[in-house]
Every structure is written in C-alpha cells, then in structure tokens.
Amino acid sequence: MNIKEFAAYLDKLENTTKRLEITSILKDMISEMSTNEVDKGIYLSLGLLKAQFENPKFNIAEKMMVRVLEFAYKPGKERLAGLFADKGDLGDVALEVAGDTKGDGLSLTDVYNELIELAAIEGSGSQEKKVSKLSSLLIKMDKLSAKYVVRIVLGTTRLGFTELTVIDALNSLIQGDKLTKAKIEGKYNMHPDIGVIAKKIKDSGLKGLDEVVMEIGVPIEPQRCQRLSDPVEIIEKMGCVSAEFKFDGTRVQVHMDRNKPIKSTTSDQNSLFGDNEELKGASVFVKTYTRNLEDSTYQYPDIAEAAIVQLDAESVILDGEAVGYDKNTGDFLPFQEIMQRKRKHNVTEYALDIPLKYFAFDILMLNGKPLVNETLEKRREILSKIIKPGKVIELSRNFVTDKPEELSEFFEESKTKSLEGLVVKKPDAQYQAGARSFAWIKYKKADEALLDDTIDVVILGYYHGRGGRARFGMGGFLTAVYDKATDTFKTITKVGSGLTDEQFVSLRERLDKIKIDKKPAKADVDKFFDVNVWVAPKIVVEVGADELSKSANHTAGYALRFPRMIKIREDRRPEDATSLEEIKSIYKNQKRGSY
DNA sequence: TCTGGCTGCCC
DNA sequence: ATTCTGC
DNA sequence: GCAGAATGGGCAGCCAGA
C-alpha cells in the first residue's frame with residue numbers, strides 16, 4: 001500500500017463519527033494491507049510506531065512542528081500562526097500550506113521506516129536534524145498524506161478510534177461474533193500489542209492468537225476504576241465489597257522472574273542497584289510499568305530490590321500503588337514530591353531521601369501461571385502468602401462489607417488519614433484487565449464538597465482550542481484570585497473542563513465583548529501563561545477542584561488540582577472573587593496522611 | 001556552565 | 001486526572 | 001454506558017543558546 005492510499009483511508013475515517021462505519025473502513029483497510037505492513041499501518045493510524053510499552057518518542061510537538069512546516073513549505077510564520085489558531089490542528093494547517101506533489105512513490109513501509117529513523121535522532125544538533133529530515137519527508141508526498149503524517153508524528157490522529165475499535169475491525173475481518181471478539185480483546189489485554197495481534201490474525205486467523213500469551217516483560221492492561229461518591233449506590237451496584245484505601249501515589253505493575261534471561265537489560269539493572277554487589281550479580285529479571293504501560297524500572301530501584309528480596313516466588317506479576325513518605329515523621333508525601341522520583345539520574349540517592357511503600361493489591365501471575373481468572377479473594381490470599389515482611393512491599397489492607405454504613409465509616413477513616421478515598425472491588429470478580437467497568441469503583445468525595453469552600457475566580461483571558469474545540473475559538477481560559485493587599489489579580493488555574501459545547505460558545509461570545517489588547521493592568525501573570533486573547537477582569541466563575549497545591553508558576557503561589565468549571569457567578573463582581581488570603585487559609589487546613 | 005523553552009508522562 | 005458527546 | 005477526545009497542574013530530561 002502506498003502512503004497516498006493509506007491517507008485516503010484515514011481521510012475516510014476522519015469524515016465519519018459513526019462507530020459501525022469506522023469499524024467497517026478499518027476492516028477494509030486492514031484487509032487491503034499485506035501481512036508485512038499491517039502492524040506498521042495500524043500503529044501509524046493510532047499515532048504510534050510500536051506498542052505503547054516500547055513506543056519510540058519523536059520529541060516533536062507543536063512548537064517543533066511549526067518549525068517543520070515553515071521549513072518545508074515556507075508559508076511565513078504569521079500565516080502559520082493564523083492558520084493554527086483558526087484550525088486547531090497542524091495536520092490541517094499542513095494540508096492548507098503544502099504544495100501538491102504527486103506522492104505515490106512512497107510506500108507505507110517507506111514512511112514507517114523514515115519515521116523510525118526520525119524518532120531515533122538525539123543529541124546535540126538533533127532539533128535541526130529532525131526539522132530537516134521530517135521536512136524533506138513531507139515535501140515528497142501529496143498534501144493529504146502530509147496532513148496525516150504530521151498528525152502521526154504529533155501522536156494526535158483525531159480519527160475517532162483507538163486499539164479497541166481496531167479489535168472490533170479485526171473481529172469483523174474474520175467474520176467473528178461476540179465470543180471471538182471477547183477472545184481477541186482478552187488477548188490484547190494480556191499482551192497489549194495491537195500490531196502483533198493484527199499480524200497474527202491476518203496471517204492465520206483466530207488460531208494465530210494462541211501464540212499471544214501473558215508473559216513476564218510484557219505489561220498487562222491495568223484494570224481501571226469508575227468514580228462514585230455514594231456508599232448506598234455502591235452497595236446496590238456491587239453487593240458485598242472489598243474496600244481498600246486509595247493512596248495518592250503512582251500505579252506500579254511489577255514483573256519479576258528469577259529464571260528469565262536478562263539480555264540487554266543487564267547493564268540497566270547493574271546501574272539500577274548502584275553499589276549493591278549482591279543484587280548487581282543477581283540474574284533476576286525485574287521491571288516495573290506505569291498505568292499507561294511505560295517502563296518505569298529506572299525510577300524504582302527500591303521496588304526492584306524488594307521484588308527480589310521480599311517475594312517468595314520464582315516469577316510474579318504484581319499490581320499496586322507506590323507512595324512516598326517522610327522518613328522522619330512517616331507522613332505520606334504530596335503527589336508532587338512523589339513525582340520527583342520520576343527521574344533517571346541519582347535515583348538511588350533520592351530513594352534514601354524519599355523512601356516509598358509499595359502497596360501491592362493484586363497478583364496477576366505466579367510462577368508462570370496466570371491468576372487473572374481467579375476471584376479477587378483468592379488472588380489476595382495468594383498474594384498475602386508470597387509477601388515476606390520488609391521495608392518496601394506491603395499487602396494493601398482491605399475491609400469487606402455489604403453495609404453502606406460500614407463502607408461509609410471506612411471512607412471516613414480514609415479521610416482522617418487524609419487519603420484520597422477508597423477503591424471498592426467485588427471480592428468474587430476476576431481481574432478485568434483493561435476494563436473501565438464498575439467492577440472497581442473509586443469512592444471519592446462529591447465534586448463540590450472536595451474543597452471545604454468553593455473557589456470563585458476571575459477570567460483574565462482565553463486560549464484557542466485544539467481539535468474539535470477549534471470551532472469554539474476557545475479551548476480553555478486563565479483565571480485568577482483577588483489579592484486585596486496589592487489590589488491585583490493573581491493567577492491560580494487554567495480551566496478547560498466542565499463546560500458543555502454550548503457553554504463554550506456562549507462564554508466566548510461574552511468574553512469577546514470585553515476583549516482588550518494587552519494584559520489587564522491589575523493582573524499579575526507569569527509569561528508561562530500567555531493567553532491568546534486578554535479580557536477585562538469582569539466575569540467570575542465558580543470552579544471545583546480536588547485540592548490546592550503549592551505552585552511555582554501561578555502568581556497566587558497556589559494552584560487547583562483537577563480544576564473544572566461549575567458555573568458562572570453572575571452575582572459576583574471581580575473583587576468578590578475568592579481572595580488570596582482565603583486561599584492561604586484553605587491550604588493551611590488541608591491535611592496530610594501519615595503512615 | 002547555567003537557564004529557559006519544549007516535550008512527555010504522572011496524576 | 002475530569003468532563004462532555006455521539007453512538 | 002462505552003469509547004473517544006477535549007482539557008487541568010507539575011515533575012524531570014533534553015537541547016539550544018547565552
């Protein structure tokens with residue numbers, strides 16, 4: 001398949017929102033691809049080069065892509081900026097400014113190989129090399145192909161489908177039914193590499209999937225939660241439940257195998273364990289993965305070590321949450337500080353300063369045997385038996401009940417510990433990899449009550465939207481609180497969630513009426529938050545959030561975590577917005593959990 | 001050698 | 001992370 | 001109700017340029 005034909009399929013996909021139609025187009029596309037290119041084609045259509053857990057990064061986003069388009073087509077920077085503001089998509093901008101080359105000389109595989117090379121460029125001078133390499137690739141193709149290649153590199157194909165719909169298409173390719181679909185989906189969740197799965201199916205149908213199995217070194221799609229805030233409703237939906245504390249940390253899937261050859265990871269593991277000669281020499285395969293299937297081993301030498309020392313097993317896959325704590329007081333640390341562990345250098349020293357606990361809450365494989373089809377109860381029992389006491393890994397405590405009042409009490413206990421709430425599970429359910437179903441429920445406080453006081457903020461300006469929000473001319477807006485002491489508005493958060501399409505349109509109309517040329521005189525804004533359109537500070541908006549955090553970027557010195565608009569406060573003047581003093585006092589009253 | 005801009009990825 | 005929307 | 005696509009704060013890493 002050449003790139004032009006490929007782009008034609010993507011264009012068909014873009015022009016419909018109907019799921020059945022998308023599936024059918026995908027099926028045709030897959031059917032027309034050769035076995036050798038089907039994996040590449042599918043990755044590209046999803047804005048990837050490989051499976052998520054081994055996908056190379058381009059390190060090219062908006063700013064770099066604007067440079068690429070300027071270099072390739074020379075439309076002028078102002079025209080580029082104008083088109084981007086208008087269309088909200090650099091692929092669409094490319095379509096507009098590209099010259100028309102015939103472009104049927106490039107195969108899908110040619111382009112794929114070029115992109116692999118592009119992603120591999122790094123080091124001094126790499127930005128210039130990337131700009132020039134991608135430009136020369138783009139000008140070799142027709143403008144529609146260029147449009148989609150731009151989107152692929154940006155990782156935002158905006159075609160209305162992901163891996164799950166591709167699975168549907170593959171199922172339809174083999175004329176399967178619900179059962180076969182469940183089988184493909186199950187395989188995908190145990191081995192989330194859609195390229196491999198497509199290739200096997202194309203090569204030898206459903207039978208080909210027999211070779212696709214759960215294995216150490218391939219992360220499993222983690223099970224996810226739905227959010228609810230009413231204990232009665234939770235019990236009604238689930239009956240008897242097993243509840244656990246929800247820690248404000250990061251999801252970590254641990255893979256450990258004492259017999260798996262380490263291959264190229266040897267040097268990684270040696271540096272991972274620093275001066276620990278005993279572990280350095282140990283030929284034990286250990287890796288950790290994030291919720292989004294990224295390899296995070298380098299962040300967690302302490303978890304890797306504990307997996308070797310504390311787990312009484314030959315091989316194992318665990319699911320759990322890593323939480324940092326203060327080594328002196330035992331208090332859990334804010335998420336911000338835990339994130340400082342997300343580093344490549346000096347992790348070992350950092351781990352001494354900010355130690356962490358790994359609360360294991362599930363076991364997915366033990367000694368080569370998948371356990372995902374056992375009940376949660378059974379899995380927890382097995383898990384409890386293989387964890388030996390130690391500094392890092394602990395079994396996540398649970399509480400079983402079928403009474404809303406008791407669930408509520410346990411929730412209150414989580415609040416006194418200042419945790420995020422509870423994760424509530426069905427004790428008799430299998431591990432539903434990839435599911436966002438109601439099998440696991442995240443029990444958090446109700447939206448408006450998350451902060452003790454509501455926050456009313458003043459709008460200072462807005463940003464042009466991307467993708468589908470381009471048509472509103474606004475994708476989000478910048479807001480501030482009022483500082484009485486200096487009579488200025490100090491920024492506290494951007495808001496881009498909680499508005500309906502209609503609200504976006506009407507709010508933008510209102511904002512355009514009070515548009516001004518430059519930053520309001522009374523506004524104190526870091527250049528980091530430069531808006532596209534400034535407005536007079538007049539409109540007050542009520543914003544919900546989960547908590548306040550310290551901020552180095554927002555001039556208020558604080559920021560909202562997970563902000564969303566609740567409603568416009570027609571009854572408030574800008575000076576009536578929440579004051580900086582109030583923000584400070586709300587922050588002070590927030591508590592931290594302890595270990 | 002330091003800093004700021006950009007990027008990717010955690011929540 | 002939260003939220004909205006088309007199917 | 002699912003699947004997808006908008007959007008938030010803020011962390012470290014990388015690279016360019018002062």
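Atoms considered below: every heavy atom in the structure, side chains included; atoms not considered: hydrogens, waters and symmetry mates.
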Asks: Compare the minimum distances between each of C:dT2, D:dG9, B:dT7 and the side chain of A:Lys63, then state the nucleotide with the smallest one.
Replies: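 Output: B:dT7.
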Asks: Using a cut-off of 4.0 Å on non-hydrogen atoms, how would the nucleic acid contact of A:Ile167 be classed: base, sugar-phosphate, or nothing?
Replies: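 The answer is nothing, as A:Ile167 stays clear of every strand by at least 4.0 Å.
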Asks: Hey, does A:Leu20 reach any base, or is it just sugar-phosphate, or nothing, if we go heavy atoms under 4.0 Å?
Replies: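 No contact.
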Asks: Under 4.0 Å from OP1 or OP2 of D:dG10: is there any side-chain N or O of A:Ser549 that close?
Replies: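 Checking D:dG10 against A:Ser549, a side-chain N or O does come within under 4.0 Å of OP1 or OP2.
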Asks: Looking only at the side chain of A:Arg291 (C-beta and beyond, no hydrogens), which of the listed nucleotides C:dA1, B:dC10, D:dT7 gets closest?
Replies: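 For A:Arg291, the side-chain atoms sit closest to C:dA1.
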Asks: Tell me if the side-chain of A:Ser497 makes a donor-acceptor pair with the base of C:dT2, cut-off 3.5 Å, by modelled atom types.
Replies: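 Between C:dT2 and A:Ser497, which were checked side chain against base, a qualifying N/O pair under 3.5 Å is present.
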Asks: Which nucleotide wins on minimum distance to the side chain of A:Arg251, given the candidates D:dC11, B:dC11, D:dC15?
Replies: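 Side chain of A:Arg251 sits closest to B:dC11.
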Asks: Specify the separation, in whole Å, of atom CZ of A:Phe504 and atom P of C:dT2.
Replies: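 To the nearest whole Å, that distance equals 17 Å.
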Asks: Under 4.0 Å, counting only non-hydrogen atoms across every strand here, what does A:Ile338 touch: a base, just sugar-phosphate, or nothing?
Replies: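 No contact.
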Asks: Please say whether more than 12 non-hydrogen atoms of neighbouring residues, nucleotides or ligands are located less than 6.0 Å from NZ in A:Lys12.
Replies: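 Open: at most 12 neighbouring heavy atoms sit under 6.0 Å from NZ of A:Lys12.
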Asks: Both A:Phe562 and A:Thr17 contact DNA chain C. Which one's nearest nucleotide lies toward the 5' end?
Replies: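 The residue closer to the strand's 5' end, by nearest nucleotide, is A:Phe562.
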Asks: Which of the following nucleotides, C:dC4, D:dG9, D:dG4, is nearest to the side chain of A:Leu164?
Replies: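 Per side-chain heavy atoms of A:Leu164, the pick is D:dG4.
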Asks: Between A:Glu128 (CD) and D:dC14 (P), how many Å, whole number?
Replies: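 In whole Å, D:dC14 P lies 20 Å from A:Glu128 CD.
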Asks: A:Lys130 NZ to D:dC15 P: how many Å, rounded?
Replies: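 In whole Å, D:dC15 P lies 7 Å from A:Lys130 NZ.
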Asks: Report the nucleotide, chosen from D:dG9, D:dC15, C:dT2, that has the shortest atom-to-atom distance to any side-chain atom of A:Gln127.
Replies: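 Minimum distance to the A:Gln127 side chain belongs to D:dC15.
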Asks: Scan A:Arg341 against the nucleic acid and name what it touches under 4.0 Å (heavy atoms): base, sugar-phosphate only, or nothing.
Replies: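 Counting heavy atoms under 4.0 Å across all strands, no contact is made by A:Arg341.
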Asks: Need one value for A:Met565: base, sugar-phosphate or nothing, where a base atom within 4.0 Å counts as base even if backbone is also close, heavy atoms only.
Replies: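 A:Met565: no heavy atom of the nucleic acid under 4.0 Å.
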Asks: If you only use heavy atoms from C-beta on, which nucleotide in C:dT5, B:dC11, D:dG1 is closest to the side chain of A:Lys237?
Replies: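 Comparing C:dT5, B:dC11, D:dG1 against the side chain of A:Lys237, the answer is D:dG1.
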Asks: A:Lys442 side chain: which of D:dA3, C:dA1, D:dA16 is closest?
Replies: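 Closest nucleotide among those given: C:dA1.
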Asks: Considering every strand and a 4.0 Å limit on heavy-atom distances, what is the contact class for A:Glu321: base, sugar-phosphate, or nothing?
Replies: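 Contact class for A:Glu321: none.
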Asks: Under a 4.0 Å N-O cut-off, is there an ion pair linking A:Glu14 with A:Lys147?
Replies: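 Looking at A:Glu14 and A:Lys147, the cut-off is met.
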Asks: Would you mind telling me which of C:dT5, C:dA1, D:dG4 lies closest to the side-chain atoms of A:Lys246?
Replies: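 Shortest atom-to-atom distance from the side chain points to C:dA1.
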Asks: Please work out if A:Thr156 contacts a base, only the sugar-phosphate, or nothing of the nucleic acid, heavy-atom cut-off 4.0 Å.
Replies: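 Nothing, no nucleic acid heavy atom in range.
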Asks: How many Å lie between CZ on A:Phe247 and C1' on B:dC11, as a whole number?
Replies: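 The distance from CZ of A:Phe247 to C1' of B:dC11 comes to 16 Å, rounded to the nearest Å.
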Asks: Heavy-atom nearest nucleotide on DNA chain D for A:Ala559 versus A:Phe161: which residue maps closer to 5'?
Replies: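 It is A:Phe161, whose closest nucleotide lies nearer the 5' terminus.
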Asks: According to a strict under-4.0 Å criterion, is A:His345 in side-chain N/O contact with OP1 or OP2 of D:dC14?
Replies: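 Yes.
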Asks: Kindly say if A:Arg158 contacts the phosphate of D:dA5, meaning a side-chain N or O under 4.0 Å from OP1 or OP2.
Replies: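 For D:dA5, neither OP1 nor OP2 has a side-chain N or O of A:Arg158 closer than 4.0 Å.
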Asks: Less than 6.0 Å separating the ring centroids of A:Tyr443 and A:Phe411?
Replies: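 Close enough - the centres of the two rings lie under 6.0 Å apart.
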Asks: Give A:Ser124 one of three labels, base, sugar-phosphate or nothing, depending on what nucleic acid heavy atoms sit under 4.0 Å from its own.
Replies: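 Contact class for A:Ser124: sugar-phosphate only.
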Asks: B:dC10, OP1 or OP2 - any side-chain N/O from A:Thr290 closer than 4.0 Å?
Replies: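 Looking at the OP1 and OP2 atoms of B:dC10, one of them is under 4.0 Å from a side-chain N or O of A:Thr290.
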Asks: Looking at C:dT2, I'd like to know if its phosphate oxygens (OP1 or OP2) sit under 4.0 Å from a side-chain N or O belonging to A:Lys444.
Replies: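 Checking C:dT2 against A:Lys444, a side-chain N or O does come within under 4.0 Å of OP1 or OP2.
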Asks: CZ of A:Arg469 versus C1' of C:dG6: gap in Å, rounded?
Replies: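 Spelled out: CZ on A:Arg469 to C1' on C:dG6 is 15 Å.
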Asks: Using a cut-off of strictly less than 4.0 Å, decide whether A:Lys342 has a side-chain nitrogen or oxygen near OP1 or OP2 of D:dC11.
Replies: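 It does not, given that no N or O in the side chain of A:Lys342 lies less than 4.0 Å from OP1 or OP2 of D:dC11.
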Asks: Report, as yes or no, whether the 6.0 Å neighbourhood of atom NZ on A:Lys18 holds more than 12 heavy atoms from other residues, nucleotides or ligands.
Replies: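 Atom NZ in A:Lys18 is not packed in, count stays at 12 or less.
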Asks: Within 45 degrees of the ring normal and closer than 6.0 Å to the centroid, is that where the cationic atom of A:Lys584 sits relative to A:Tyr558?
Replies: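 Not flagged: A:Lys584 not positioned over aromatic ring of A:Tyr558.
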Asks: Determine the contact category for A:Lys344: base if any of its heavy atoms lies under 4.0 Å from a base atom, sugar-phosphate if only primed atoms, P, OP1 or OP2 are that close, otherwise nothing.
Replies: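 Result for A:Lys344 = sugar-phosphate.
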Asks: For A:Leu228 and C:dT3, give me the distance from atom CG to atom P, rounded to whole Å.
Replies: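 Those two atoms, CG and P, are 13 Å apart.
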Asks: Taking atom CD of A:Glu117 as the centre, report whether more than 12 heavy atoms of other residues, nucleotides or ligands fall under 6.0 Å from it.
Replies: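 Enclosed: over 12 neighbouring heavy atoms sit under 6.0 Å from CD of A:Glu117.
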Asks: Counting any heavy atom closer than 4.0 Å, what does A:Gly249 reach on the DNA or RNA strands: base, sugar-phosphate only, or nothing?
Replies: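 Contact class for A:Gly249: sugar-phosphate only.
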Asks: Side chain of A:Arg19 only, please: which of C:dC7, B:dC9, D:dG9 is the nearest?
Replies: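 Selected nucleotide: C:dC7.
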Asks: Ring of A:Phe361, cation from A:Lys425 - is the NZ or CZ under 6.0 Å from the centre and inside 45° of the axis?
Replies: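 Yes, a cation-pi geometry.
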Asks: Using the closest heavy atom to pick a nucleotide of DNA chain D for each, name whichever of A:Gly476 or A:Arg343 lands nearer the 5' end.
Replies: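 The residue mapped nearer the 5' terminus is A:Gly476.
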Asks: Would you indicate what A:Glu122 reaches in the nucleic acid, counting non-hydrogen atoms under 4.0 angstrom: base, sugar-phosphate, or nothing?
Replies: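 Sugar-phosphate contact only.
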Asks: Report yes or no: is the cationic atom of A:Lys550 (NZ for Lys, CZ for Arg) under 6.0 Å from the centre of the six-membered ring of A:Tyr587, at an angle within 45° of the ring normal?
Replies: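 So A:Lys550 does make the cation-pi contact.
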Asks: Is the distance from OP1 or OP2 of D:dG4 to the nearest side-chain N or O of A:Thr162 less than 4.0 Å?
Replies: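 Yes.
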Asks: Please check the phosphate of B:dG4 (OP1 and OP2 only) for any side-chain N or O of A:Lys527 closer than 4.0 Å.
Replies: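 No, outside the criterion.
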Asks: Please state whether the phosphate of B:dC6, meaning OP1 or OP2, lies under 4.0 angstrom from any side-chain nitrogen or oxygen of A:Arg67.
Replies: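 It does not, given that no N or O in the side chain of A:Arg67 lies less than 4.0 Å from OP1 or OP2 of B:dC6.
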Asks: Whether A:His554 contacts D:dG9 is assessed here as follows: a side-chain N or O lying under 4.0 Å from the phosphate OP1 or OP2. Is that the case?
Replies: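 Checking D:dG9 against A:His554, a side-chain N or O does come within under 4.0 Å of OP1 or OP2.
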